[in-house]
Amino acid sequence: MSEALDPKTAPTFPMAAHELLGDAQLRKNVRHATNVIQAKRKRVVEEMPDWQELRESGKQIRRHTMRHLDFYLEQFERNCTAAGGVVHWARDAEEARRIVVGLVKAQSATEVIKIKSMTTEEIQLNKALEAAGIHAYETDLAELIIQLGHDQPSHIVVPALHKNRSQIREIFMREMHLPELGEAPQDLADAARRFLREKFLRVKSAVSGANFLVAETGGVCIVESEGNGRMCLTLPETLIAVAGIDKVVPRFADLEVLLQVLPRSATGERMNPYNSIWTGVDPSDGPRAFHVVLMDNARTEILADEEARQTLHCIRCGACQNACPVYQQTGGHAYGSVYAGPIGAILTPQLQEMHHAQSLPYASSLCGACYEVCPVKINIPEVLIHLRNKVVKQETAGLRLLGNAEAMALKSVALIFRSERRFRAAQRLGRMTEWPLVRKDGQGEGWIGWLPGLLGGWTDVRDLREMPKQTFREWFEERARGTRDQRKTDIKGRRAADGH
Ligand code: SF4
C-alpha cells in the first residue's frame with residue numbers, strides 16, 4: 001500500500017480531494033465508469049419485483065448475525081475444522097499478517113497467487129509478504145493493473161476504475177515487456193491471461209479473502225467474474241483465506257438472498273459468473289491444506305457501538321460509491337484508505353482512530369443516495385451523523401480551548417444573524433476589509449483564498465467569492481428608488497405639457 005492509502009500518513013480528505021479535483025482525466029474516468037455501472041445496476045434491479053423485500057431480508061440476515069456474532073463464529077470454527085480446515089484467530093492486522101506469513105513460510109514458498117480481497121488490502125498484506133521475501137501476484141484483472149502500475153485501488157469492486165483503456169495498455173506494454181498491444185478489451189484481457197496462466201500453474205500457495213463465511217457448513221464463499229478465483233482455489237496445494245469476523249452468515253440458505261443482491265448491486269449482473277463455496281479439504285481434489293484467518297481488527301469495537309453497528313452489515317458491493325456525488329467527483333484516492341466512498345467514510349474512522357480519519361465523516365453531502373442503493377439497507381447518513389457527533393465530542397474533550405473558541409465563534413454569528421442592524425453592520429465591515437484576493441489555483445480574480453484563524457478552515461480547501469460591493473437588497477432598493485424618481489419626473493413632465 002502506498003503512503004497515500006496508509007491511514008497513518010494519508011492527507012486529510014479535504015486536502016487530498018482539493019488536489020484530485022484538478023485531475024480532469026481522473027474525474028472523467030471515474031464519472032464514466034460509475035455512470036456505466038449505475039445504469040447496469042438500475043436495469044437489473046428494476047426487473048426484480050421483490051427488490052425491496054430482498055433488501056429487507058438482507059438487512060435482517062445481517063442484523064441477526066451481528067446480534068449473535070459470537071455464536072455464529074464459534075459454529076463456523078467447529079464446522080470448518082470438522083471439514084479439515086484450520087481456523088486461526090487474529091486480534092488485529094499485525095497478528096493476521098504474522099499468521100499468513102508464517103503459513104506461507106512453513107510451505108517454504110517464495111510466491112503466492114492472490115484473489116482480490118479488500119481485507120488483505122486493509123492489513124497491507126502484500127507489503128508484509130514482500131518484507132518476508134514472498135512475492136504476491138494479484139490475479140484479478142483490475143488488481144493486476146493496480147499492482148503493475150504501482151498504483152492504489154480506488155473502488156471496492158472495480159479497483160482500477162480510475163484508469164482508462166489506453167492507460168492500461170501502456171502499463172501492460174511496459175511491465176509485461178510487450179512490443180505491441182491493441183487497446184480493445186479483448187487484447188488487454190488476452191495479455192493478462194497469458195501473463196497469469198503461467199503463475200496459476202506454477203505457484204503452490206494462494207491467498208484469498210471471503211465474501212461470506214457460512215457458519216452452518218464451515219464453508220467459505222467467494223464470488224468473482226473472471227475465473228481467476230476458481231483457479232486460485234483449485235490449483236494450489238495450500239489455500240489461506242483471510243476474512244473479517246463480520247463476513248459470517250448463519251445458514252447456507254442465507255446465500256439465496258445475498259447472492260441475488262450482491263452481483264446486481266456491485267456490477268449490474270444478475271449473477272456472478274463464478275460462485276465458489278469451499279469447505280475444508282478433500283484428498284481427491286483441490287488444496288491439501290486449507291486455513292481461514294478470522295480477523296477482528298477493531299470490528300468488535302464497532303459491534304459494541306449500537307448506533308454504528310450497522311457498518312458491519314456491509315457486503316462490499318460498492319453501490320454506494322457509484323451513487324455518491326462526492327465520490328464521483330474525487331474518486332477513491334481522496335479517502336486515504338482502501339475503503340473509499342460512503343462506506344469508507346463510515347468504516348475507516350472506526351477501524352482507524354487516526355487524526356486524518358476524523359475528516360471522513362464530513363466527506364458527504366448527506367443526500368441519502370448511498371442509503372437508497374444499499375442492498376442491505378445500511379443507513380449511512382445516520383451513521384455519518386453519529387460519527388460527526390463523536391468527532392465533535394473527542395475534539396472538544398481533547399482540545400477544550402479550540403472547542404470553546406468554536407462555540408464562541410458560533411455564538412457571535414448567531415448574535416449577528418438575530419438582528420438586522422447588526423447583520424447590515426457586519427456586511428458593511430466585510431466590504432470595508434481588504435481581503436487577500438488570491439485564488440489558490442492562480443486563476444481568476446475576485447476570490448478570497450485565505451482567511452485568518454478559525455475561518456481559515458474554510459479557505460484551506462476552498463476559495464471564497466469576494467464580498468460584493470452592494471448587497472442584493474441595496475441594489476433592489478436603489479433600482480426601486482430610481483424607478484420611483486423616474487415616474488415622478490414623468491408625471492411632472494406630463495402635467496407641464498398639459499398646462500397644469
Ligand atoms: S454500504 Fe451498502 S452499498 Fe455500500 S458497499 Fe456496503 S453493502 Fe454496498
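We count ligands from 1, going down the list as the structure has it; atoms in each ligand are counted the same way. Sequential numbering from 1 along the given sequence is applied to the chain's residues.
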Yes or no: does P375 have any heavy atom under 4.0 Å from an atom of ligand 1?
yes
Is the distance from atom 4 (Fe) of ligand 1 to the nearest N/O/S atom of C314 under 2.8 Å?
no
Are the side chain of R62 and the backbone N or O of D246 linked by a donor-acceptor pair below 3.5 Å?
yes
4.5 Å side-chain heavy-atom contact, V30 and R27
no
Under a heavy-atom criterion of less than 4.0 Å, does V373 contact ligand 1?
no
Using side-chain heavy atoms (C-beta onward) and a distance below 4.5 Å, is I113 in contact with M231?
no
Looking just at side-chain N and O atoms, do N126 and E138 make a donor-acceptor pair shorter than 3.5 Å?
yes
Give the atom numbers and elements of ligand 1 that come within less than 4.0 Å of a heavy atom of I378.
1 (S)
Numbered atoms and elements of ligand 1 in range of I380, under 4.0 angstrom, heavy atoms
1 (S)
Nearest non-hydrogen protein atom, atom 7 (S) of ligand 1
I315 N, 3.4 Å
Give the numbers and elements of all ligand 1 atoms closer than 4.0 Å to a heavy atom of C374.
2 (Fe), 3 (S), 7 (S)
Expected output: side-chain E269 to main-chain P273 donor-acceptor under 3.5 Å:
no
the protein heavy atom lying closest to atom 4 (Fe) of ligand 1 turns out to be C320 SG, 2.3 Å
Nearest-neighbour protein heavy atom for atom 8 (Fe) of ligand 1, which is reported as residue plus atom name and distance
C317 SG, 2.4 Å
Among all the protein's non-hydrogen atoms, which is closest to atom 5 (S) of ligand 1, and how far away is it?
G318 N, 3.2 Å
Polar side chain donor-acceptor pair, E143 to Q147, under 3.5 angstrom
no
Do other residues, nucleotides or ligands put more than 12 heavy atoms under 6.0 Å from the CE atom of M176?
yes
